[in-house]
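Notes to accompany the following structure.
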Amino acid sequence: MDTYDLIILGGGPTGAAAGLYGTRARMNTLLIERGLVGGQLAVTEDVENYPGFEHILGPELGQKLMDHAEKFGLHVEYAEVEDVELEGDYKIVKTDDGEVRAKTLIIATGSMHNKLEVPGEDEFSGRGVSYCAVCDGAFFRDKELVVVGGGDAAIEEGAYLTRFASKVTIIHRRDELRAQKILQERAFANEKMDFLWSTTVQEIKGNGLVDTLVLKDVKQDSMYERAIDGVFIYVGLTPNTQFLKGKLPADEQGHLHVNLKMETQFPGVFAAGDVRQQSARQVASAVGDGATAAIFAEKYIAENS
Ligand code: NAP
């Protein structure tokens, strides 16, 4: 079995930053990613709040972060993690490609988009229902779109969709957005964006492709239908911790408990980024978490060898 000083699970900003700090500390470091590097950055168009970069495209920043770590010797493997053994001097990671082990482990598996969980959502996924404006926006040139949600992702991606769509309606369950104020100001000033407040989507209907939403005005307690060409869903994130099978303490949504060193209750096992409790869920905070975890992983090895 291949043995490392440090194994990092996840190739988003947190994992890449941990990889940079790990390799520069001369730890033999493996990063395991199941899909695209960059995590949520891979499906984000514009990044304007990563310090030092006034503007950069999400996939470009994700790739730069990974290239930087690889330059210092980070090994990257593409595999799906199926199980982990967290006790003992060596932490064992079981993937669909075999088993590897390390003295320390950083869990940086990030999060995935929540579903709305309404009838028609799965049936029309990829046929008018999408969770990725960057991937699917261009298919909706001059069409009318709905974005569900009131957070940063809904408002930012809704604005991005106005590059293609004739109109983007944000449907939010309350009468006040959660998104950052600067994003709200821009959205309110965008002539192609409008807002349906205190409204929930009850059902997505169509005939091969989405054509109608069943909506509920929660204040009036009334239901009605609205014709639409596409629906983009941004109703929050759930951490990717299912593979841990309850081995680490977590909150109801699955965010892992850590201390200020990103340590979990298992010595040598760290969790960082979106996957941990009370993360700010920003690229800037993700890279900070990754650096912190790698620094304390190195200290753990120094103190235990
Ligand atoms: P979020 O901040 O959790 O917002 C989710 C939104 O969806 C909320 O407005 C919520 O309504 C609504 N919602 C949740 N469940 C719903 C349901 N079942 N039906 C209808 N609406 C529902 O999630 P996010 O926007 O995906 O952002 C996730 C994290 O990434 C956040 O920490 C965010 O700051 C960060 N992020 C940052 C940027 C950036 O800095 N530019 C960009 C994207 C994301 P309520 O408001 O009523 O709860």
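Order of listing sets the numbers, starting from 1, for every ligand and every atom in it.
- For the pair T199 (side chain) and W197 (backbone), a donor-acceptor distance under 3.5 Å is present.
- Protein heavy atom closest to atom 8 (C) of ligand 1, with residue, atom name and distance, is R178 NE, 3.6 Å.
- Side-chain contact, D217 with S222: no donor N or O sits under 3.5 Å from an acceptor N or O.
- Residue G151 has at least one nitrogen or oxygen atom sitting less than 3.5 Å from a nitrogen or oxygen atom of ligand 1, judged on distance alone.
- Heavy atoms of R281 found under 4.0 angstrom from ligand 1 belong to the backbone as well as the side chain.
- Looking only at atom types and distance, the side chain of R173 has no donor-acceptor partner in the side chain of T200 under 3.5 Å away.
- Checking H75 against N28 by side-chain atom types alone, a donor-acceptor pair falls below 3.5 Å.
- Under 4.0 Å from ligand 1, the heavy atoms of E156 that appear belong solely to its side chain.
- Of all atoms in ligand 1, numbered sequentially from 1 with element shown, those under 4.0 Å from a heavy atom of A280 are 32 (O).
- Using a 4.0 Å cut-off between heavy atoms, L237 contacts ligand 1 through its side chain alone, with no backbone atom that close.
- In this model, no donor atom of one side chain and acceptor atom of the other lie less than 3.5 Å apart for N240 and T109.
- Looking only at heavy atoms of the protein, atom 19 (N) of ligand 1 is closest to L116 CD2, 3.5 Å.
- Considering only residues two or more places apart in sequence or on other chains, Y90 meets the ring-ring contact (aromatic ring centres under 6.0 Å, His included) condition with none of them.
- A cation-pi arrangement, defined by a distance under 6.0 Å to the six-membered ring centre and an angle within 45 degrees of its axis, is absent between R141 and F164.
- Less than 4.0 angstrom separates some heavy atom of G236 from each of these atoms of ligand 1: 3 (O), 5 (C), 23 (O), 26 (O).
- The ring-ring contact (aromatic ring centres under 6.0 Å, His included) analysis of residues 94-139, with sequence neighbours excluded, yields the pairs H113-Y234.
- A donor-acceptor pair under 3.5 Å is formed between the side chain of D96 and the backbone N or O of E80.
- In this structure, atom 40 (O) of ligand 1 lies nearest to the protein heavy atom N49 ND2, 2.6 Å.
- The nearest non-hydrogen atom to atom 17 (C) of ligand 1, considering only E157, K115, Q40, R173, comes from R173.
- Closest protein heavy atom to atom 47 (O) of ligand 1: R174 NE, 2.6 Å.
- Neither the backbone nor the side chain of E48 has a heavy atom within less than 4.0 Å of ligand 1.
- Checked for salt-bridge contact, E85 and R101 miss the test: no charged N lies under 4.0 Å from a carboxylate O.
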Apply salt bridge (charged side-chain N to carboxylate O under 4.0 Å, His left out) to residues E298 and R26 and explain how you reach the verdict. CA-CA 9 Å; E298 186 205 0; R26 298 291 182 243; over 6 Å; no
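- Only the side chain of H172 comes within 4.0 Å of ligand 1, counting heavy atoms alone; its backbone N, CA, C and O stay farther away.
- Checked by distance only, ligand 1 and H113 stay at 3.5 Å or farther apart across all their nitrogen or oxygen atoms.
- Here's the thing with A153: one of its N/O atoms is less than 3.5 angstrom from an N/O atom of ligand 1.
- Neither the backbone nor the side chain of V47 comes within 4.0 Å of ligand 1, counting heavy atoms alone.
- Considering backbone and side-chain N/O of G150, one or more are found under 3.5 Å from N/O of ligand 1.
- Only the side chain of Q180 comes within contact range of ligand 1, with a heavy atom under 4.0 Å; no backbone atom does.
- The nearest heavy-atom contact from the protein to atom 34 (O) of ligand 1 is D152 OD2, 2.6 Å.
- T169 and D194 are linked by a side-chain donor-acceptor pair at a separation below 3.5 angstrom, with hydrogens and angles left out of the test.
- Nearest-residue assignment for atom 22 (C) of ligand 1 (options I155, I233, V235, I171; heavy-atom criterion): V235.
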